[in-house]
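Just so we're clear, the structure is a prediction, and the values are computed from it rather than from any experiment. So you know, we letter chains A, B, ... as the sequences are listed, proteins then strands, and number each from 1.
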There are 2 protein chains.
Amino acid sequence: MRNTIARTQILDLITNSKTALSHAEIEQLLDGLCNRVTIYRVLDRLIDDKLVHKIINVDGSLKFAACRNCSDHHHDSHIHFSCLNCGSVTCLESVEPVFKIPRKYKVQEVNFTVSGLCPDCT
Amino acid sequence: MRNTIARTQILDLITNSKTALSHAEIEQLLDGLCNRVTIYRVLDRLIDDKLVHKIINVDGSLKFAACRNCSDHHHDSHIHFSCLNCGSVTCLESVEPVFKIPRKYKVQEVNFTVSGLCPDCT
DNA sequence: CATATTAATGCAACTATATTGCATTTGTAA
DNA sequence: TTACAAATGCAATATAGTTGCATTAATATG
């Protein structure tokens with residue numbers, strides 16, 4: 001795994017962003033630094049390296065956010081908040097939902113998104 | 001809203017299916033009954049009419065399932081189980097997660113998907 | 001410091017999925 | 001039975017992501 005300019009910049013953007021970023025947003029922020037295909041590939045690598053996690057938004061679009069405490073495996077069992085007005089997606093790291101599902105289902109991952117209005121849009 | 005053949009068939013398929021169906025699965029099951037564009041439009045109408053709800057799968061793909069108790073507004077606050085092996089998506093209607101998020105967020109909808117292995121695939 | 005190795009990139013082409021405009025068909029109310 | 005508008009089919013277009021391959025560049029080694 002090499003520390004390229006694209007990788008550094010993309011990781012920086014995601015890490016310093018208050019909200020999760022989409023591929024398109026990253027592309028715009030990078031302003032031609034690299035090809036859009038490279039962004040896809042860098043994102044894949046960052047996810048493999050457990051530095052970033054992928055969030056499926058309520059509208060099906062993808063967002064990327066920095067991982068915290070994901071050294072071993074991804075555990076993004078926290079809630080994601082998706083604002084229906086501004087489109088921002090925020091990790092609510094401290095909130096973990098409680099639920100019980102039938103024992104016959106073997107749970108591996110959890111994807112929990114709540115949508116509505118974020119503090120900035122109320 | 002007219003009761004066309006396409007509408008009837010598509011609603012039947014979704015209602016009688018144990019698991020949520022994708023557009024592609026519906027298209028295959030209909031076996032040329034109507035154009036794929038029509039399927040998109042019928043699904044949109046069924047969602048508007050609160051007869052079907054749309055589920056965003058963990059891989060970002062869309063699935064459609066029959067609505068229960070959605071006369072006024074969609075309340076699919078139940079859990080969806082997504083099988084990583086066979087790809088099936090099942091509504092676990094009886095399971096509703098408990099969670100608390102900061103008051104400054106205004107919650108409107110909830111989208112909760114758990115992935116792993118379904119009873120058939122364990 | 002030079003250089004060899006190979007990961008990473010750029011580009012173009014391609015695939016998959018969804019949407020739109022418009023002419024035609026068809027369900028339904030009068 | 002007929003008229004009207006909803007629904008459909010088709011072709012074109014849009015959007016998002018992937019792949020193959022030649023080229024570039026990061027890094028380990030001598």
Look at all strands and tell whether Ala6(B) reaches a base, only sugar-phosphate, or nothing, counting heavy atoms closer than 4.0 Å.
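Sugar-phosphate: the residue Ala6(B), judged by heavy atoms under 4.0 Å, touches backbone atoms but no base.
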
For the backbone of Ala20(A) and the side chain of Ser17(A), can you confirm whether one donor and one acceptor N or O come within less than 3.5 Å of each other?
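No; zero donor-acceptor contacts below 3.5 Å.
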
Rounded interatomic separation in angstrom, taking [atom1] from [X] and [atom2] from [N]:
X	N	atom1	atom2	result
Leu33(A)	dA25(D)	CG	P	12 Å
Leu62(B)	dA18(C)	CG	P	6 Å
Arg36(A)	dT19(D)	CZ	P	14 Å
Ile5(A)	dT24(D)	CD1	P	15 Å
Phe64(B)	dT17(C)	CZ	P	13 Å
Glu27(B)	dG9(D)	CD	C1'	13 Å
Asp44(B)	dT19(C)	CG	P	7 Å
Arg2(A)	dA7(C)	CZ	C1'	4 Å

Please determine, for the side chain of [X], which listed nucleotide ([options]) has the closest atom?
X	options	answer
His23(A)	dG10(C), dG17(D), dA26(D)	dG17(D)
Val37(B)	dT27(D), dA18(C), dT20(C)	dT20(C)
Thr4(A)	dA7(D), dA11(D), dT9(C)	dT9(C)
Arg41(B)	dA18(C), dA26(D), dG21(C)	dG21(C)
Arg45(A)	dG27(C), dT9(C), dT18(D)	dT9(C)

Specify whether His23(A) and Tyr40(A) have parallel, tilted or perpendicular ring planes, treating 30° as the upper limit for parallel and 60° as the lower limit for perpendicular.
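The arrangement is parallel - the two ring planes meet at less than 30°.
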
Classify the angle between the aromatic ring planes of Phe99(B) and Phe112(A) as parallel (below 30°), tilted (30 to 60°) or perpendicular (above 60°).
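Answer is perpendicular, since the angle exceeds 60°.
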
Is there a donor and acceptor pair closer than 3.5 Å between the side chain of Arg7(B) and the base of dA7(D)?
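Answer is no: no donor-acceptor pair is held.
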
Under 4.0 Å between a side-chain N/O of Asn35(A) and OP1 or OP2 of dC11(C), yes or no?
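So the side-chain polar atoms of Asn35(A) do come within 4.0 Å of the phosphate oxygens OP1 or OP2 of dC11(C), strictly under.
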
Taking all heavy atoms of Arg7(A) and all of Arg2(A), pick out the closest pair and write down the distance.
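The answer is CD-O, 3.4 Å.
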
Reading DNA chain C from 5' onward, which residue's closest nucleotide shows up sooner: Asn3(B) or Ala24(B)?
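Final value for this comparison: Ala24(B).
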
Going by atom types only, do Asn111(A) and Thr113(B) share a side-chain donor-acceptor pair under 3.5 Å?
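No donor-acceptor contact under 3.5 Å links the two side chains.
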
